[in-house]
Amino acid sequence: MHTSVPQKKKRIESIDVFRALIVLLMIFVNDLWSISEVPHWMGHADFDEDFLGLSDIVFPAFLFILGMSIPLAIGGRIRKGQSRFQLVRHIVSRSLALLVMGVFSVNSGRSLSREVGISGPVYSLLMLLGFFLIWNSYPHDITSSLKQKIYSLFQVLGCILLVYLGFIYRDLSGATLKPKWWGILGLIGWTYLVCALLYLFLHKKHRYLIISALCFTLLCVLGTAGYLGSLNNVVLSNGCFYAFTMFGLLLTLLLNDKTYAYIALANKLKVICCIGVVFILLGWLFNRWWIISKLQETSPWLFYSTGITILVYVFIYWLVDIQDKGIYFKLIKPAGTATLTCYLVPSLYYAISQIINFRIIGAFAKAPLGLLKCLCFSLLCILTTNILGKMSIKLKI
């Protein structure tokens, strides 16, 4: 089997493709709430249910691909000569942005008190406007100081808008804006902060990165077994989310770091596939004692999800980077390169649909045609992301 990657490619296209597929699935499964009679295997397992649904794998896969991107992104900045202080500031600022967006997003989906003065959907639209004003990737036209001043003004207005929205927020019980839970973006922010800092300080000592991943895994196992006592969940998800991301980080190092250049690519892929199978076997073994549960963040969920993600990525890597078939995924590519924008676009459509009281009726309100509706909605969000990108509207943190 031919397993050499074309040398002309500087970017690992399979990572963008895999990320795009995950975001497509994320939008799809998040939209399943809008239809009825959804097949059980597509949804989330209940809290005490021993089951792994399609929806239960998507978030772990996203954390895994987040980890895969860390060595490439930080490594690129290191090669450009950025100091450790600059890198820490960059990591912290990205994490804070995700935390802010996470807190606002998780609260904006709730019904608001009348004293707020605006409806929930309008609040969501203003929130999204604030996000894009602050974190839009504005064109870098250094020849025009006026444009730079206008972009800076937009960012200031965005900050003022978010502060105002945070100040006026009240839900139906009168509670103020606070992290009831961090939301998906907030969880990603915390995970990125820890794993990116670990890589920054340990990237020359891979064995310590491996030990870190194993420690997070052990913490998850102990938490699942109920052995942590008062320390339970002191660390986010008992280390489970960090483990997903660290395993992705280590996979990128094995595939691309010069330290392992002496290993033939074919052999690397065989080893990675074996590792994926081992994770699945560990999931099966640990499932003899504990349930597979995303909501409980159990170790069988960690092992099964990691193993499945690894094997799927190896196939995508072979198809895209080795067989050079990335063109197959051209339609969904914006979801892999403008991921944050694409993730927020559904919130834009949901808010607008609530304002105009739009409802799906008839056969498209339930499976199986409803599933087609969810898929079309996911593709619409990706198309919208592409159109926004051409208008220089793209979130970048």
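Quick note: numbers below take in every heavy atom, side chains included, and nothing from hydrogens, waters or symmetry partners.
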Asks: Between Ser14 and Tyr313, is there a side-chain donor-acceptor contact under 3.5 Å, judged purely by atom types and distance?
Replies: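 Distance-only check passes for Tyr313 and Ser14.
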Asks: Is a side-chain donor or acceptor of Tyr169 paired with a backbone partner of Asn107 at a separation under 3.5 angstrom?
Replies: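 Indeed, once roles are kept as given, a pair shorter than 3.5 Å links the two residues.
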Asks: Using modelled atom types only, decide if a donor and an acceptor are shared between the side chain of Ser353 and the backbone of Tyr350 within a distance under 3.5 Å.
Replies: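 Between the backbone of Tyr350 and the side chain of Ser353 there is a qualifying donor-acceptor contact (under 3.5 Å).
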Asks: When you group the ILVMFWY residues by side-chain heavy-atom contacts below 4.5 Å and let the links chain together, are Ile57 and Ile291 in the same group?
Replies: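 No, separate clusters.
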Asks: Rounded to the nearest 0.5 Å, how far does CZ of Arg207 lie from CG of Leu209?
Replies: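 Between atom CG of Leu209 and atom CZ of Arg207 there are 10.5 Å.
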Asks: Distance-only, no hydrogens or angles: does the Lys294 side chain make a donor-acceptor pair with backbone N or O of His44 under 3.5 Å?
Replies: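 Flag not set: sc Lys294 to bb His44 has no pair under 3.5 Å.
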Asks: Report the residue from Trp301, Phe216, Phe279 that forms a ring pair (Phe, Tyr, Trp, His ring centres under 6.0 Å) with Phe244.
Replies: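 One option only clears the test, and that one is Trp301.
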Asks: Find the distance between CZ (Phe364) and SG (Cys376) and round it off to the nearest 0.5 Å.
Replies: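 Reported to 0.5 Å precision, the distance equals 8.0 Å.
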Asks: For residues Arg89 and Phe85, determine if any side-chain heavy atom of one lies less than 4.5 Å from a side-chain heavy atom of the other.
Replies: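 Arg89 reaches Phe85 side chain to side chain.
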Asks: Could you tell me if the side chain of Ile360 sits less than 4.5 Å from the side chain of Ile35, heavy atoms only?
Replies: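 Not in contact.
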Asks: Has the side chain of Glu37 got a donor or acceptor atom that lies under 3.5 Å from a matching backbone atom of Pro368?
Replies: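 Side chain of Glu37 to backbone of Pro368, a donor-acceptor pair under 3.5 Å: no, none is there.
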Asks: Main chain of Leu165, side chain of Tyr123: is a donor-acceptor contact present, judged purely on distance under 3.5 Å?
Replies: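 Answer holds: yes.
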Asks: Report yes or no: does Asn256 contribute a side-chain atom to a donor-acceptor pair with the main-chain N or O of Thr252 at less than 3.5 Å?
Replies: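 Yes: the side chain of Asn256 pairs with the backbone of Thr252.
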Asks: Could you list the cluster mates of Ile160? Members are the ILVMFWY residues connected by side-chain heavy atoms closer than 4.5 Å, either directly or through other members.
Replies: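 Its cluster mates, by chain and number, are Val156.
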Asks: Check side-chain hydrogen bond (donor to acceptor under 3.5 Å, both in side chains) between His203 and all other residues, then give those that pass, not counting sequence neighbours.
Replies: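 Expected list: none.
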Asks: Judged by atom type as modelled, is there a donor-acceptor pair below 3.5 Å linking the side chain of Asp31 to the main-chain atoms of Ile27?
Replies: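 Side chain of Asp31 to backbone of Ile27: no pair is present.
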